[in-house]
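First comes the structure, then the notes that go with it.
In listed order, ligands and their atoms are each counted from 1.
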Amino acid sequence: MYKHVTILLLLFSSLHGFEYHLKPKKVAEDVYCFFGAPEEISKNNGGNMVNTCFVHTKEGFVVVDSGPTFEYASQAYEQMQKIAKLPVKYVINTHDHDDHWLGNSFYKSKNALLIGPRSYEQNVVVGMTSRMQRILGNELYGKTSIVKLDKIVDDTLTLKIGKRHFMIEKLVKKAHTQGDLIIYLNEEKVLFAGDLVFNDRVTSLRDGSLIGSIDALKKIDAFKAVVVIGGHGYKTDANSTKILKKYLIEMKKEVMEALDNDISIDQVTQRVIMPEFKNMKLYDVLHSRNIFEAYRELELYDEEEEK
Ligand SMILES: [Zn+2]
């Protein structure tokens, strides 16, 4: 008996590769998300440390971010099909970090149209070894491959599908990355913020801009959306931007003060600790790097010039 169960389990796991245990959570009428853990990418989580969402329309699904692997996207698709037997029409990629779009190759195999920012076109090279592949290894990476976008958004684009209007917009020049898109459902007041919004963990300023990120959060708040879904973290109410905004504004203030006091870049990461945020997930991994990036940016920043 046990032997049979073991064989079945082995069969199941070899058919499926990594088991993601994806459960869609309804965040608004016909809007669902899969919430990843507030962690770094690891073999244990299979890259499922990211949020992806889908909207159910009468004509088909619209997916926002396709997740970390082909297998993840395939399992997300299985969950969608339990809600309605409909095709995925569009996949909108919020930005070019690979945890958010490596599921594209799966959706391409289902004939979805892939949409994303110009920076994806510029930074994503077919055939390159992604960060995800390096960390997960080829076995977990499985059938994942890198595919080109079908449509690029430079500023704004509105998609009409099944009576819904998806407004896709680039809010500021550089924020989390060189090209972050938000997706807004105007009638439903639902906003998909990608990595412009983090909660339940510390963000990474590695490819971004502190000033741009603060600016983007102000613009997101101005939409007065009822539901705001970030790229990482579980909060989706109108307050989901709050913690990151507080973190970045405090960082700006303290790093500016350090610059005024001639603190060097070597000292600043030791000085600007921001203890209030110490208990946030990934603080130890990302905070001092963020301070370093903020210092380099603010060193050249002239507040008056910006106005
Ligand atoms: Zn991300």
Side-chain angles (χ1 to χ4, degrees), residues 20 22 27 33-54 63-70 72-73 76 91-104 107 114-117 119-120 122-124 128 130-136 140-141 144 146 149 168 170-172 174-183 191-210 212-214 216-217 220 228-236 240-241 243-245 247-248 280-287 289-290 293:
Y20 283 98
L22 297 177
V27 295
C33 297
F34 301 107
F35 291 91
E39 304 169 350
E40 287 185 282
I41 299 165
S42 72
K43 284 191 174 179
N44 277 332
N45 61 32
N48 185 15
M49 34 60 85
V50 57
N51 300 338
T52 69
C53 301
F54 62 93
V63 169
V64 176
D65 285 341
S66 57
T69 61
F70 183 100
Y72 172 100
V91 176
I92 308 168
N93 296 281
T94 56
H95 64 291
D96 66 17
H97 285 160
D98 65 359
D99 45 330
H100 298 263
W101 55 260
L102 276 165
N104 282 356
Y107 291 110
L114 306 177
I115 301 171
S119 50
Y120 182 111
Q122 290 162 337
N123 297 329
V124 173
M128 74 180 184
S130 63
R131 164 186 66 159
M132 192 64 68
Q133 186 172 10
R134 248 181 285 127
I135 300 173
L136 296 187
L140 285 184
Y141 201 63
T144 310
I146 294 176
L149 297 177
I168 309 171
K170 187 174 158 182
L171 294 183
V172 294
K174 186 179 180 185
H176 182 69
T177 64
Q178 291 281 358
D180 306 278
L181 301 179
I182 63 131
I183 298 104
L191 193 148
F192 302 95
D195 279 3
L196 297 175
V197 171
F198 273 67
N199 48 62
D200 301 304
R201 58 158 280 198
V202 169
T203 186
S204 166
L205 289 176
R206 173 173 42 97
D207 295 327
S209 153
L210 172 63
S213 296
I214 294 171
L217 284 168
I220 286 169
V228 179
I229 307 130
H232 302 269
Y234 303 113
K235 291 179 194 69
T236 61
S240 70
T241 58
I243 183 84
L244 179 59
K245 213 168 156 186
Y247 176 71
L248 297 175
M280 267 187 105
K281 295 254 167 64
L282 299 186
Y283 173 96
D284 291 337
V285 184
L286 296 167
H287 179 72
R289 174 74 188 263
N290 287 341
E293 299 290 351

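With respect to the Zn ion (ligand 1), D195 has OD2 as its nearest N, O or S atom. Closest approach between the Zn ion (ligand 1) and any N/O/S atom of D99 involves OD2. Between the Zn ion (ligand 1) and the N, O or S atoms of H100, the shortest distance is to NE2.
Under the rule for a salt bridge (Lys or Arg N to Asp or Glu O under 4.0 Å), K174 has no partner lying at least two apart in sequence or in another chain.
For D207 and H97, the side-chain atoms include at least one donor-acceptor pair closer than 3.5 Å. There is a side-chain donor-acceptor pair under 3.5 Å between H287 and Y247.
Taking both residues in full, the closest heavy atoms of V50 and P68 are given as CG1-CD, 3.9 Å, listed atom of the first, atom of the second, then distance.
Here H232 meets the criterion, with an N, O or S atom under 2.8 Å of the Zn ion (ligand 1).
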